[in-house]
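Below is one structure; the comments refer to it alone.
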Amino acid sequence: MKLFALAGNPNCGKTTLFNALTGSSAHVGNWPGVTVDKREGVYKDGGNYFKIVDLPGIYSLSPYTPEEVISRNFVLNEQVDGIINIVDATNLERNLYLTTQLLETDLPIIVALNMMDEVEKSGAVINVKALEAALGVPVVAISALKGNGIKELMKRAAALAEKRNGSTVLGGVFKAELDSARSFYKKAGVSSPLFHAVKLLEGDELELENSGAKAIYDELSLDCDAEAAIADERYKYITEKLAAAKIKSDSRTLTKSDKIDRILTHRVWAIPIFLAVMFFIFHLTFSENLFFLNGFTENHAWMPTLQELGLATDEGANNFGVEILAVFYDGAVFSPGVIFTNLLNLVLDRISDGVLTLMENGGAAEWATGLVGDGILGGIFAVMGFLPQILTLFLFFSILEDSGYMARIAFVLDRIFRRFGLSGRAFMPMIMGFGCSVPATVNTRTLSDEKERTATIRVIPFFSCGAKLPILTAVAGGIVAAFGVGNADVITYGMYVLGVCAAVVCVLLMRGTTLKGETPPFIMELPAYRMPSAKNLFLHLWDKAKHFVKKAFTIIFASTVIIWLFSHLNFNWKFLPDEQMNQSILASIGMFIQPLFTPLGFGVQLGQFGWVFAVAAITGLVAKENVIATFTTLALCIGAYAGEGTEEGVEELAGLINVISADTGIARGQFIAALLAFIAFNMTTIPCFAACATAKAELQKGKFKYTLLFWVAASFTIGAAVYTVGSWWWTLFIWIAAAAGVAVPVILRNTGKYDILKIFKRKKGGK
Amino acid sequence: MIKNLNELSVGESGVIKSVAGAGMVRRRLFDMGVTPGAEIAMKKRAPLGDPIEITLRGYFLTLRKSEAACVEVEL
């Protein structure tokens, strides 16, 4: 099977072409060298099959970001049968710059001139034949979005000769030097000698690392500015050839984008608009009061709940019709995200009920129904229940990304991020962290500065992800239900804000100490606004859904079963009924580590049932969804809750809180502070296994263990701060003093006024 | 008249004379088409005054004032 790689600038329609070529056959593959999500798929034409790989978008083959390194290495080192270079016809000049570099390799190349329909619509003309003659490789006009020209593109790609000799548009100023460098590489037997020769002349860092390259570079002793001259020559050539291809430039898309930008990046309105957009995205995903019909707070509610209408009781809905109605409305109209969640849960509950009824009728043993009902189905369905909201959130972020607005947000916010030693681009992975840490961590590849990347990856988990939201809502709901104080929404929003503040403080601290460095540059294209394509959005979501379901049925499935077993077996491997849970293996582990959490308020203070919190924190390492699943399982087991079990876990939590309060007689305020500390701890501690694995792959070698340490230290500090300040308000001053004690020496040292480390160094020297 | 790119007022345009600076930033500028001879126009400033947005070679580019200071423009 022939292998083709898709290469091109970001925003040139590469992914659209990839989706058009491969359809649903696409999947994420692993590649040797770096663990990288690279999408690959199969294109089928009659009896011929082609493997297609989608490379990250690049502007040139001189690597700048880690993403670009991946693309360059793939092009140079993998056994590719050809490169399909996608060129945005509406922006030929800059796109062809990459083409001139690709031409210098020995790989067979075909140029796909994308968005030709838009060019024609605007009345511009491109002479494809003339362009083909100028470049010396086949050029095919296509429209990836409409599917025009794709058949012809692949036909000509299949017919490409197996070998091609690199050609260059350079040759003026540095002809002699280029020839001697080229013959050096030819002698060394390197493939694509011309490409390496040009890179050498440019003084490319990666190139100079090759054996013998440095000696040749010094020998050539280029006296003038080769880098500038080469870039200049490439662009000169392109401008000249474009004139030959009789291209009338098109300014319509630019003027359209201009008009939109006049509002979206307006001096005054840009930031309010951005905040409003973010608010609506989260509102549409998570709100249970979509149109504010029911007033802005729960206290002013005037619309009747289903129970008040007499359609439902504590037991549930009166009939199936009401159950369907409850998907959309209960005292207020729900947001789309909540509606999808309710729909899915409706189906999942039916399945769960059906299976359990079948088992009971079949006379299954108590342990078997327990394992299946509480352990397996309860756990998996609790996790699956989050899928709709995670996908809804992803959908909105994909729309922002594909439309071009995401880049504008970076433009608007860069000034703020620079204060923390980051660039506006760091905004994207951080905001994605609210959805899921895994894609957010992968997204940091667009950051060019390694230290900025490390700092960003470390704080991504603080942006509470979709899977942590249930912890927030359940514990906050539990607090309100058990103590009758506060407002669950306010607590949830407050915790989100706490996470963001923690991220800001930690980034400042890291950029001031261990990850010190220049603020990374910010040079970025602002792509023209485009209507996102529904097909692309759908395929993107489909990818995410597959990934999530796979995770639910593998890691989370295994861990819920293991936890159920551990909580129902004692050290003699004897099955324990729910009432004897205190003797289980899991309880022993929980009791053993429980004292560790004493500074955070959910340690020894919580008495004989306090280990539930310790156990939930452990199971959260597998996947954050497990925290609440663990609570529901354990609350049912210790008899803190007698009902059927709910997805949200609010009632179970409330039951648990009441049991512990009665058992220990702990002060109310102190217990609330401990519960808040528990949320804060889970938000900032080591993320789930999947996120850890991604972070390990993305971070530089040796950085991961410090990152783990950072998460543990941060979560214990933040948790302890929340607990102590919540319990005894005056401890706030101690924390402020401690923070100042850390900040002042760091600031003094970085401004060069006074280096506290010098004292230690001098002492050492004295001895 | 020659000005640094960061000093251009909104709406002004010209031709790039030279690109100073060093290393990755300079290479990135070249790769994005900021080379001597290119026509360039100052579009707008971000709401907080920095970065700036320019048009060149038929597309929009944003960069910080500190990076734009490396670019000399002939008006």
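Numbered from 1 within each chain, the chains take letters A, B, ... in sequence-line order.
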Which residue out of [options] racks up the most heavy-atom pairs below 4.5 Å with chain A?
options: B:E53, B:R45, B:R28; answer: B:R28
options: B:L63, B:L48, B:L29; answer: B:L48
options: B:V25, B:T62, B:L56, B:L61; answer: B:T62

Close side-chain approach of [X] to [Y], heavy-atom, < 4.5 Å:
X: A:K256; Y: A:Y529; result: no
X: A:N9; Y: A:D88; result: no
X: B:R57; Y: A:Y97; result: no
X: A:I238; Y: A:L92; result: no
X: A:L131; Y: A:L96; result: yes
X: A:W269; Y: A:I263; result: no

Any ion pair linking A:E118 and A:K121 (charged N to carboxylate O, less than 4.0 Å)? no
Measuring from [X]:[atom1] to [Y]:[atom2], what's the distance to the nearest 0.5 Å?
X: A:F420; Y: A:E452; atom1: CZ; atom2: CD; value: 13.0 Å
X: A:M406; Y: A:L400; atom1: CE; atom2: CG; value: 5.0 Å
X: A:I271; Y: A:T265; atom1: CD1; atom2: OG1; value: 11.5 Å
X: A:T168; Y: A:Y237; atom1: OG1; atom2: OH; value: 9.5 Å

Residues in residues 35-44 of chain B that sit under 4.5 Å from chain A, counting heavy atoms only: B:T35, B:P36, B:K43, B:K44
Is there any residue in residues 64-75 of chain B with a non-hydrogen atom under 4.5 Å from a non-hydrogen atom of chain A, and which ones are they? B:R64, B:E67
Ring pair (Phe, Tyr, Trp, His ring centres under 6.0 Å) filter on A:F427, not counting sequence neighbours, yields A:F274
List for me each residue that meets ring pair (Phe, Tyr, Trp, His ring centres under 6.0 Å) alongside A:F522, sequence neighbours excluded, and say none if there are none. none
Identify which part of A:D261 has an atom lying under 4.5 Å from any heavy atom of chain B, answering side chain, backbone, both or neither. both
Under 4.5 Å from any heavy atom of chain B - which part of A:I523: both
Among [options], single out the residue with the greatest number of heavy-atom pairs under 4.5 Å to chain B.
options: A:E525, A:Q101, A:R418, A:R408; result: A:R418
options: A:R234, A:R94, A:K236; result: A:R94
options: A:P521, A:S423, A:G424; result: A:P521

